[in-house]
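Have a look at the structure below before the remarks.
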Amino acid sequence: MGSEYHILLKLPDAVASLIEQSPPPPIEIRFDGLPPGSSELPPPCGELARLHVGESSFRAKLMALPTVVESHKSLDRVGYLKCGHVGQVLVVAEREDELPKGTELSDGITPPCAQIRERKWRRRPVRDRKEVEQVRRGSEGSTRS
């Protein structure tokens, strides 16, 4: 079974309210660097795009997430199948100068993932080998008793 391609949308409130209308307006995403109708997915991170919602048009930028998120789906709401990975976010703004710089977001998709790379892959403090050996000997002695 092949995996599906997933992109998250990060929208300003004004754009989200347009999409939530009933019936929803037609939505189209056009990447600047790709010819129309191109099937190259995913496009490279940092690629600029336009999000068309009905008659409105907004600037967007494809950004990489700091970590990959798995997506799952269910046919019966009991068993879940992994169906893809989410590794990119399309950040939408009303003006181009509001778009983030670079090609990667520093935060994940939930508040606990704020600055996740710095926290998860930080340098570990240097430990004194003699002190580590002393603690190991002390814990071995207490387990023998």
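Every heavy atom of this structure was used, including side-chain atoms; hydrogens, water molecules and symmetry mates were not.
Residues meeting the side chain to side chain contact (heavy atoms under 4.5 Å, CB included) test with Val69, sequence neighbours left out: Leu65, Val86, Ile109. Partners of Thr103 according to the side chain to side chain contact (heavy atoms under 4.5 Å, CB included) rule, which considers only residues two or more places apart in sequence or in another chain, are Cys45. Here Glu104 pairs with Arg117 under the salt bridge (charged side-chain N to carboxylate O under 4.0 Å, His left out) rule; sequence neighbours left out. For Glu133, the salt bridge (charged side-chain N to carboxylate O under 4.0 Å, His left out) partners at least two apart in sequence or on another chain are Arg136, Arg137.
Considering CD of Gln88 and CD of Glu47, their distance stands at 10.5 Å, rounded to 0.5 Å. Rounding to the nearest 0.5 Å gives a distance of 8.0 Å between NZ of Lys101 and CG of Leu99. Between Phe58 atom CZ and Arg50 atom CZ the span is 11.0 Å, to the nearest 0.5 Å. Atoms CE and CG, from Met63 and Leu105 in turn, are 4.5 Å apart once rounded to the nearest 0.5 Å.
For the side chain to side chain contact (heavy atoms under 4.5 Å, CB included) with Ser57, the lone residue among His52, Arg30, Glu28 that qualifies is His52.
Electrostatic pairing of Asp97 and Arg95 counts as a salt bridge here, judged by a charged N lying under 4.0 Å from a carboxylate O.
Listed here is the closest heavy atom pair of Ser106 and Pro66: O-CG, 4.1 Å. In terms of heavy-atom proximity, Ser74 sits nearest to Gly79 at OG-O, 2.9 Å.
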Gln115 vs Asp107, test: side chain to side chain contact (heavy atoms under 4.5 Å, CB included). Steps then yes/no. CA-CA 5 Å; Gln115 301 297 324; Asp107 298 330; 3.4 Å; yes
Begin from the C-alpha positions of Leu11 and Leu51 and carry the test side chain to side chain contact (heavy atoms under 4.5 Å, CB included) through to its verdict. CA-CA 10 Å; Leu11 306 169; Leu51 174 70; 4.0 Å; yes
Give the intermediate values and the outcome of side chain to side chain contact (heavy atoms under 4.5 Å, CB included) for residues Leu9 and Val15. CA-CA 11 Å; Leu9 290 174; Val15 180; over 6 Å; no
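Residues Ile7 and Ile27 fall within the same hydrophobic cluster, defined by Ile, Leu, Val, Met, Phe, Trp and Tyr side chains chained together at heavy-atom separations under 4.5 Å. No continuous path of ILVMFWY side-chain contacts below 4.5 Å connects Val89 to Ile29, so the two sit in separate hydrophobic clusters.
Between the side chain of Ser71 and the backbone N or O of Gly84, at least one donor-acceptor pair lies under 3.5 Å.
A salt bridge (Lys or Arg N to Asp or Glu O under 4.0 Å) check over residues 54-68, counting only residues at least two apart or in different chains, returns the pairs Asp32-Arg59, Arg59-Glu96. The stretch residues 7-23 participates, sequence neighbours left out, in no salt bridge (Lys or Arg N to Asp or Glu O under 4.0 Å) pair at all.
Residue-environment remark: CD (Glu98) exceeds the threshold of 12 foreign heavy atoms within 6.0 Å.
Proximity of Thr67 to Cys113: side-chain heavy atoms (C-beta onward) are nowhere separated by under 4.5 Å. Two residues are said to be in side-chain contact when any heavy atoms from C-beta on lie closer than 4.5 Å; Val92 and Pro12 meet this criterion.
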